[in-house]
Number of protein chains: 2
Amino acid sequence: MESARKAPRGTRKRDTPLTEEGIYAAALRLIDADGVKALTMRKLAAELDANPMSLYHHVPNKDALLKGVARLAGSEFRTAERNDLPWQENVRQLALDFRSLAHRHPNLVTHVFTRPDFIQPDDPFWRGLTGALGAAGVPEREIPRVSAVLCAVFSGLLVAELNGALRRWMSLSPMPTGPDEAEPPAAAEADVDAMFGIALDATIAGLESQLADTRRR
Amino acid sequence: MESARKAPRGTRKRDTPLTEEGIYAAALRLIDADGVKALTMRKLAAELDANPMSLYHHVPNKDALLKGVARLAGSEFRTAERNDLPWQENVRQLALDFRSLAHRHPNLVTHVFTRPDFIQPDDPFWRGLTGALGAAGVPEREIPRVSAVLCAVFSGLLVAELNGALRRWMSLSPMPTGPDEAEPPAAAEADVDAMFGIALDATIAGLESQLADTRRR
DNA sequence: ACCTGAACACCGTTCAAGT
DNA sequence: ACCTGAACACCGTTCAAGT
């Protein structure tokens with residue numbers, strides 16, 4: 001009854017020295033598997049065949065550990081800016097690339113979104129977004145504001161998708177149902193994909209209309 | 001160096017019996033003051049002049065406690081649906097009323113947004129939102145989808161505001177700055193208010209344009 | 001029915017001691 | 001420089017015992 005879980009390596013000691021990056025990578029694996037709440041310094045050390053206290057020679061504390069893991073996962077973000085496409089396509093592609101990263105690390109991303117420092121000015125996502133808005137003709141001094149709102153909107157959509165709220169809300173009845181009405185069908189994955197696409201379209205449309213208003217004035 | 005904090009009542013015992021609602025209310029006070037992470041069963045018991053174990057006779061565990069606190073705070077939500085106003089005004093007012101609740105309990109709301117169950121079908125917010133969309137002419141079967149997207153968008157904006165990300169992003173330079181450029185000024189509270197309003201306008205505008213598209217087809 | 005003390009199985013982190 | 005064992009000050013929760 002008490003074996004077989006991550007058993008293959010038994011209790012041997014490490015043969016390679018601990019490194020900061022190796023610690024972050026192992027922590028990311030554990031978070032992907034079991035969530036941020038289940039990550040403890042002690043379990044992480046066990047995953048690395050190390051003494052729990054050894055970690056503190058490479059990482060000052062657990063909060064810094066989580067920050068490092070977030071940076072590591074963030075470095076996976078890849079996107080291709082294409083000058084031959086309209087800015088709308090570039091914004092759309094950024095959001096979709098962000099979403100695919102979020103799908104690879106849902107537990108981490110949900111946690112990271114609640115932290116104030118999860119997007120940095122040198123992130124490719126931020127650079128891509130501000131670049132696309134510049135191409136769209138948003139006045140230079142308005143770009144940070146508009147980018148900020150878009151970041152907030154995308155992250156809200158992603159969090160709601162990742163934690164299942166979006167799926168649940170989709171399945172709610174429009175009005176409080178009497179007991180005799182049929183349950184609405186549960187939303188399928190394809191529905192969530194479609195809804196994300198629709199929300200993205202609407203966001204870009206809203207942006208276009210704001211832009212048109214500004215130009216007209 | 002170690003006194004005076006919540007000292008007035010000393011270590012006397014309770015004179016009124018513990019109740020589930022009283023426990024939630026005390027937990028909400030502690031969360032408002034110090035955040036969700038700092039709330040422990042033991043500190044909560046101390047706040048109530050009770051033995052830590054007594055709490056378990058009214059609340060099954062800490063997760064249920066947080067759920068109860070979320071329900072209590074949610075019950076503070078108030079809004080006035082007005083049939084004499086256009087649906088856009090009703091949606092705007094719902095979002096602003098939601099925001100004012102979030103401002104009263106920022107620590108709790110930030111935490112609750114990451115949970116999948118934070119909006120229930122009988123919440124006045126959900127009923128108001130679906131009602132307004134019905135008045136807007138959104139087809140009955142599309143209402144849950146559209147409401148879900150709006151919930152996700154509003155919550156994203158609120159989380160980004162509450163944890164300070166919105167303010168930070170606003171202050172970022174549009175392009176990576178050289179070392180000689182001046183720091184952009186930090187965003188003030190009025191800026192955040194204004195940006196929330198703009199984002200809300202843009203969201204409603206996006207909704208209107210989606211609606212117009214649907215009608216035209 | 002409601003409360004309580006002791007205890008269990010955990011946490012993050014400090015620190016002195018080892019190599 | 002890097003690692004380690006023991007220890008400290010906490011956690012959430014169980015359980016048997018009290019009233």
Side-chain angles (χ1 to χ4, degrees), chain A residues 1-3 5-6 9-28 30-31 33-70 107-108 111 114-115, chain B residues 1-3 5-6 9-28 30-31 33-70 107-108 111 114-115:
Chain A
M1 276 294 184
E2 47 178 355
S3 65
R5 264 182 60 93
K6 99 177 126 176
R9 80 167 68 77
T11 45
R12 71 172 163 77
K13 300 296 173 185
R14 300 184 50 73
D15 46 358
T16 53
L18 285 174
T19 65
E20 199 180 334
E21 288 307 306
I23 289 171
Y24 294 149
L28 182 53
L30 290 185
I31 289 171
D34 301 317
V36 172
K37 262 195 74 174
L39 178 73
T40 70
M41 300 300 276
R42 287 164 144 101
K43 281 190 210 160
L44 176 55
E47 169 81 7
L48 288 161
D49 295 318
N51 183 291
M53 297 309 111
S54 304
L55 303 179
Y56 286 90
H57 285 272
H58 302 90
V59 166
N61 54 46
K62 192 179 179 181
D63 201 68
L65 170 70
L66 287 174
K67 209 162 142 181
V69 175
N107 294 334
L108 178 67
H111 170 261
T114 68
R115 302 183 58 127
Chain B
M1 276 295 182
E2 46 178 0
S3 65
R5 263 180 60 93
K6 97 176 123 175
R9 81 168 67 79
T11 43
R12 73 171 161 80
K13 299 297 172 184
R14 301 184 49 73
D15 46 358
T16 54
L18 285 174
T19 64
E20 198 181 334
E21 288 308 306
I23 289 172
Y24 295 149
L28 182 54
L30 291 185
I31 289 172
D34 301 318
V36 172
K37 261 194 76 172
L39 177 73
T40 70
M41 299 301 275
R42 287 163 145 101
K43 281 190 211 159
L44 176 56
E47 169 81 8
L48 288 161
D49 295 318
N51 182 289
M53 296 311 110
S54 303
L55 304 179
Y56 285 90
H57 285 272
H58 302 89
V59 166
N61 54 46
K62 193 179 178 180
D63 201 69
L65 170 70
L66 288 174
K67 209 161 141 181
V69 176
N107 295 334
L108 178 67
H111 170 261
T114 68
R115 302 183 57 127

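Numbers restart at 1 for each chain; the letters A, B, ... are given by sequence-line order, proteins then strands. Quantities reported herein were computed from a predicted structural model and do not represent experimental measurements. All heavy atoms count here, side chains included; hydrogens, waters and symmetry mates do not.
- Side-chain proximity of A:R42 to the nucleotides D:dG12, D:dG5, C:dG12 is greatest for C:dG12.
- Counting only Watson-Crick or G-U wobble pairs whose defining distances are both under 3.5 Å, the stems of 3 or more consecutive pairs in DNA chain C are C:4-8 with D:12-16, C:12-16 with D:4-8.
- The side chain of B:Y56 lies closest to D:dT13 when the candidates are D:dC3, D:dT13, C:dC11.
- With sequence neighbours excluded, the residues that form a side-chain contact (heavy atoms from CB on, under 4.5 Å) with B:A26 are B:R29, B:L44, B:E47, B:L48.
- Rounded to whole Å, the distance from CG on A:N51 to C1' on D:dA7 is 13 Å.
- Following rounding to the nearest Å, B:E20 (CD) and C:dC2 (C1') show an atom-to-atom distance of 15 Å.
- With sequence neighbours excluded, the residues forming a side-chain contact (heavy atoms from CB on, under 4.5 Å) with A:A64 are A:V59, A:P60, A:N61, listed by chain and number.
- Counting to the nearest Å, the C1' atom of D:dC10 and the CE atom of B:M41 are 16 Å from each other.
- Atom-to-atom, NZ of B:K37 to P of D:dC11 comes out at 12 Å; the value is rounded to the nearest Å.
- From B:S54, atom OG reaches atom CG of B:D49 across 11.5 Å, with rounding to the nearest 0.5 Å.
- Taken to the nearest 0.5 Å, the CG atom of B:L65 stands 10.5 Å off from the CG atom of B:L28.
- Under the side-chain hydrogen bond (donor to acceptor under 3.5 Å, both in side chains) criterion, B:T19 pairs with no residue at all, not counting sequence neighbours.
- The salt bridge (charged side-chain N to carboxylate O under 4.0 Å, His left out) check on A:E20 picks up nothing, with sequence neighbours excluded.
- Distances were taken from every side-chain heavy atom of A:K43 (C-beta onward) to each of C:dC11, C:dG12, C:dT4; the shortest belongs to C:dC11.
- Listed by residue number, A:H57, A:H58 are the residues of residues 57-67 of chain A with a heavy-atom contact under 4.0 Å to DNA chain D.
- For B:Y56, there are no side-chain hydrogen bond (donor to acceptor under 3.5 Å, both in side chains) partners at least two apart in sequence or on another chain.
- Take A:A38 and apply the side-chain contact (heavy atoms from CB on, under 4.5 Å) test, not counting sequence neighbours, and it matches A:D34, A:K43.
- Atom-to-atom, CG of B:L55 to P of C:dG5 comes out at 14 Å; the value is rounded to the nearest Å.
- Listed candidates were C:dT13, C:dC3, D:dC3. Nearest to the side chain of B:S54 is C:dC3.
- Annotation: side-chain hydrogen bond (donor to acceptor under 3.5 Å, both in side chains) contacts of A:R42 (sequence neighbours excluded): none.
- Residue B:M53 places its side chain closer to D:dT13 than to any other of C:dG12, D:dA6, D:dT13.
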